[in-house]
Amino acid sequence: MKTISKAKSFGGTQHVCEIASKELKGDSQFSVYVPPGDGPFPVVWWLSGLTCTQENFTTKAGAQRAASELGLMIVAPDTSPRGEDVADDPEGAYDFGLGAGFYVDATQPRYAEHYRMYSFVTAELPRAIAAAFPADMDRQAISGHSMGGHGALTLALRNPDTYRSVSAFAPIVAPTQVPWGEKAFSGYLGEDRDLWRNHDAVALITDGARAGDILVDQGTADGFLEAQLKPDLLARACHAAGIPLTLRMQDGYDHSYYFIASFIADHLRWHAERLR
């Protein structure tokens, strides 16, 4: 691991680092906000959406103020592997390949070597964080936006003993039923839809996976709401499974970081209460 940059922010320190990843077969950057004090600090993982790197959240969400006040460390990995030898979408589309790892371990030959974001986020990067920062790995939470909201929900559902709380902004809740997910899963995982269910929050809940209470914010002016996000499917699945879901439909908000910045403090407070 090496430090790319660091800056003081609200009494704490905002780090940007790079790790030589065995899972991704290349270097991967991520950001870590460490609040003031000695720690160890609870860790909130942030998973970003399509086309993003760790920089979008780090510079646009304005999360450092609340994280400082609440004593939370925030770790934001990249959204996919990077590098000249990493396969991209053959047509250069934004919703597959670089910037669109979907937090899965790919099985298809073209992508299997590098696209292992699930193992990177759940295993390799946490080990590196625990070794280099004052992190309390017994108290972890996870959140994310859009594709990253999909990642946060599915990782929490598949690893209920790791994450004490989960929230999401405008998540892709049922990727097996929408164009973004169908394209990504067929490319990374092949055509066996049974394998896709391990990476679909609604399907995981239907199949018996459970998490504690969930917080989701969704903007009503989000252009992807009807075709790609479908939060009503998550609401139905949670209701049937008895999972407490707080789904807040935020009037007039879109899919941008203006939306995230407006409510990120609410989410961090939500996690802080559950990480105490």
Side-chain angles (χ1 to χ4, degrees), residues 21-28 45 47-53 77-126 142 144-160 162-163 166 168 170-211 224 227-231 233-234 237 241:
S21 170
K22 293 180 180 179
E23 291 289 355
L24 307 181
K25 301 294 191 297
D27 294 337
S28 185
W45 294 87
L47 305 184
S48 294
L50 288 168
T51 75
C52 292
T53 68
D78 201 347
T79 51
S80 73
R82 307 277 176 177
E84 294 182 0
D85 58 340
V86 176
D88 197 2
D89 183 273
E91 299 178 356
Y94 77 94
D95 56 357
F96 186 77
L98 296 183
F102 269 83
Y103 305 100
V104 305
D105 286 348
T107 59
Q108 296 304 289
R110 177 176 168 83
Y111 301 101
E113 181 178 6
H114 295 283
Y115 283 81
R116 295 184 54 80
M117 290 302 296
Y118 178 87
S119 291
F120 178 68
V121 171
T122 60
E124 185 178 22
L125 188 54
I142 193 164
H145 171 230
S146 193
M147 178 186 71
H150 138 76
L153 291 171
T154 55
L155 267 60
L157 287 163
R158 293 180 62 180
N159 300 276
T162 299
Y163 306 105
V166 57
I172 308 170
V173 304
T176 63
Q177 302 183 50
V178 301
W180 276 343
E182 290 178 330
K183 178 177 181 178
F185 289 175
S186 62
Y188 294 137
L189 304 174
E191 298 304 326
D192 185 351
R193 286 180 170 257
D194 286 340
L195 298 178
W196 298 9
R197 297 183 69 83
N198 284 328
H199 304 282
D200 180 305
V202 169
L204 283 165
I205 292 169
T206 301
D207 292 346
R210 294 293 180 265
F224 303 112
Q228 304 282 8
L229 306 178
K230 301 183 181 296
L233 297 181
L234 179 65

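Of all non-hydrogen atoms in E191 and S186, the two that sit nearest each other are OE2-CB, 3.3 Å. Nearest heavy atom pair, residue D105 against residue S119, reads OD2-OG, 2.6 Å. The minimum heavy-atom distance linking M117 with G101 is given by the pair CG-CA, 4.4 Å. Across every non-hydrogen atom of V202 and A174, the tightest pair is CG2-CB, 4.0 Å. Shortest non-hydrogen contact noted between D88 and Y115 is CA-OH, 4.3 Å. Residues D89 and Y111 approach most closely at CA-OH, 4.4 Å, considering heavy atoms.
Side chains of T122 and T162 form no contact here, defined as non-hydrogen atoms less than 4.5 Å apart. For the pair Y118/E23, no side-chain contact is recorded, criterion being any heavy-atom separation below 4.5 Å from C-beta on. Residues S48 and T53 are not in side-chain contact: their nearest non-hydrogen atoms beyond the backbone lie 4.5 Å or more apart. Residues I172 and M147 form a side-chain contact, since some pair of their non-hydrogen atoms from C-beta on lies under 4.5 Å apart. Using a 4.5 Å heavy-atom cutoff, the side chains of S146 and F224 are not in contact. Side-chain contact between D85 and K25 is absent, with no heavy atoms from C-beta onward closer than 4.5 Å. Two residues are said to be in side-chain contact when any heavy atoms from C-beta on lie closer than 4.5 Å; L125 and W45 meet this criterion. Contact annotation: the side chain of Y103 never approaches that of T154 to less than 4.5 Å [non-hydrogen atoms, C-beta and beyond].
For E124 (side chain) and K22 (main-chain N/O), a donor-acceptor pair under 3.5 Å exists by modelled atom type. In this structure, the side chain of R210 does not engage the main chain of L157 through any donor-acceptor pair within 3.5 Å.
With rounding to the nearest 0.5 angstrom, the CZ atom of R82 is 13.0 Å from the CG atom of D27. For the atom pair CG (D200) and OG1 (T206), the distance works out to 8.0 Å, reported to the nearest 0.5 Å. Considering CD of Q177 and CG of L233, their distance stands at 5.5 Å, rounded to 0.5 Å. In this structure, L204 CG and R158 CZ are separated by 7.0 Å, a value rounded to the nearest 0.5 Å. Between T51 atom OG1 and D95 atom CG the span is 10.5 Å, to the nearest 0.5 Å. A distance of 4.0 Å separates OH in Y163 from CD1 in I142, rounded to the nearest 0.5 Å.
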*Take L50 and T79 through the side-chain contact (heavy atoms from CB on, under 4.5 Å) test and state the conclusion after the steps.*
CA-CA 7 Å; L50 288 168; T79 51; over 6 Å; no
*Could you please spell out the steps behind the side-chain contact (heavy atoms from CB on, under 4.5 Å) verdict for W180 and L229?*
CA-CA 9 Å; W180 276 343; L229 306 178; 4.3 Å; yes
*Give the intermediate values and the outcome of side-chain contact (heavy atoms from CB on, under 4.5 Å) for residues N198 and L189.*
CA-CA 11 Å; N198 284 328; L189 304 174; over 6 Å; no
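In this model, no donor atom of one side chain and acceptor atom of the other lie less than 3.5 Å apart for D78 and S28.
Under the side chain to side chain contact (heavy atoms under 4.5 Å, CB included) rule, F102 has a single partner from H199, H150, K183, which is H150.
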